[in-house]
Amino acid sequence: MIGGEEYTVRSDLTPEYTREVAAYLDQALKKVLSQGPLVETHKAAILAALDITNELFQAKQTEREVSARLAAVADDLAKMLPPAKRKALTAG
């Protein structure tokens with residue numbers, strides 16, 4: 001159920017996961033609709049999609065930042081290893 005309508009979805013994903021995704025979208029749609037009267041439901045759906053896309057972009061940015069920090073820490077730790085261990089680490 002999304003926005004009060006039932007949808008049949010065919011997917012390679014599990015039914016539980018698909019329901020969870022649909023519930024997430026339904027909650028995002030309800031959040032937009034609760035902020036005040038909107039002209040049409042499809043416009044609220046577009047705003048909900050924009051909000052979810054913003055969440056995705058922020059999560060990707062955070063992932064890039066964490067990955068860069070982890071790479072820097074790994075590099076710093078590698079520099080602390082004895083030279084023979086560093087060569088073995090970079091060779092593997």
Side-chain angles (χ1 to χ4, degrees):
M1 296 288 289
I2 301 170
E5 293 189 39
E6 186 172 332
Y7 292 87
T8 301
V9 178
R10 290 193 176 110
S11 173
D12 292 335
L13 304 170
T14 65
E16 295 80 16
Y17 181 80
T18 303
R19 283 187 201 96
E20 188 176 345
V21 170
Y24 192 87
L25 175 56
D26 187 54
Q27 286 302 312
L29 185 57
K30 286 178 182 176
K31 179 182 168 189
V32 170
L33 290 169
S34 73
Q35 293 176 359
L38 288 174
V39 182
E40 297 156 10
T41 304
H42 74 277
K43 289 183 180 182
I46 291 169
L47 293 174
L50 285 171
D51 192 39
I52 291 169
T53 303
N54 178 50
E55 289 176 15
L56 172 65
F57 282 21
Q58 288 180 1
K60 285 182 174 185
Q61 179 62 34
T62 299
E63 180 183 1
R64 285 190 294 271
E65 291 168 1
V66 168
S67 181
R69 280 189 237 149
L70 286 174
V73 168
D75 188 47
D76 289 345
L77 289 173
K79 290 175 186 174
M80 294 178 194
L81 293 172
K85 294 280 186 181
R86 273 185 260 165
K87 288 179 185 174
L89 185 63
T90 57

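In this text the structure is predicted, and so the values were computed from the model without any measurement. Position 1 is the first residue of the sequence, and the numbers go up from there.
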Listed partners of Val73 passing side-chain contact (heavy atoms from CB on, under 4.5 Å), at least two apart: Leu77
Inter-residue atom distance Thr14.OG1 - Glu20.CD, 0.5 Å rounding: 8.5 Å
Non-hydrogen side-chain atoms of Arg69 and Glu65 separated by less than 4.5 Å: yes
Nearest heavy-atom neighbours spanning Ile52 and Ala28: CD1-CB, 3.8 Å
Glu6 atom CD: more than 12 heavy-atom contacts under 6.0 Å: no
Ile46 side, atom CD1; Glu40 side, atom CD - distance, nearest 0.5 Å: 9.5 Å
Heavy atoms from other residues, nucleotides or ligands near CD of Glu55 exceed 12 (cutoff 6.0 Å): yes
Smallest separation among heavy atoms of Ala45 and Leu29, with atom names: N-CD1, 3.5 Å
Heavy-atom neighbours of Gln35 CD exceed 12 at 6.0 Å: yes
Single-linkage hydrophobic cluster Val9~Tyr24, side-chain heavy atoms < 4.5 angstrom: yes
Separation of Leu50 CG from Phe57 CZ (nearest 0.5 Å): 10.0 Å
Nearest-0.5 Å distance that lies between atom OG1 in Thr18 and atom OH in Tyr7: 15.5 Å
Sequence neighbours excluded, every pair satisfying salt bridge (charged side-chain N to carboxylate O under 4.0 Å, His left out) that has a member inside residues 71-80: Asp75-Lys79
Euclidean distance, Glu63 CD relative to Leu70 CG, rounded to 0.5 Å: 10.5 Å
Interatomic spacing from CZ in Arg64 to NZ in Lys60 - rounded to 0.5 Å: 7.5 Å
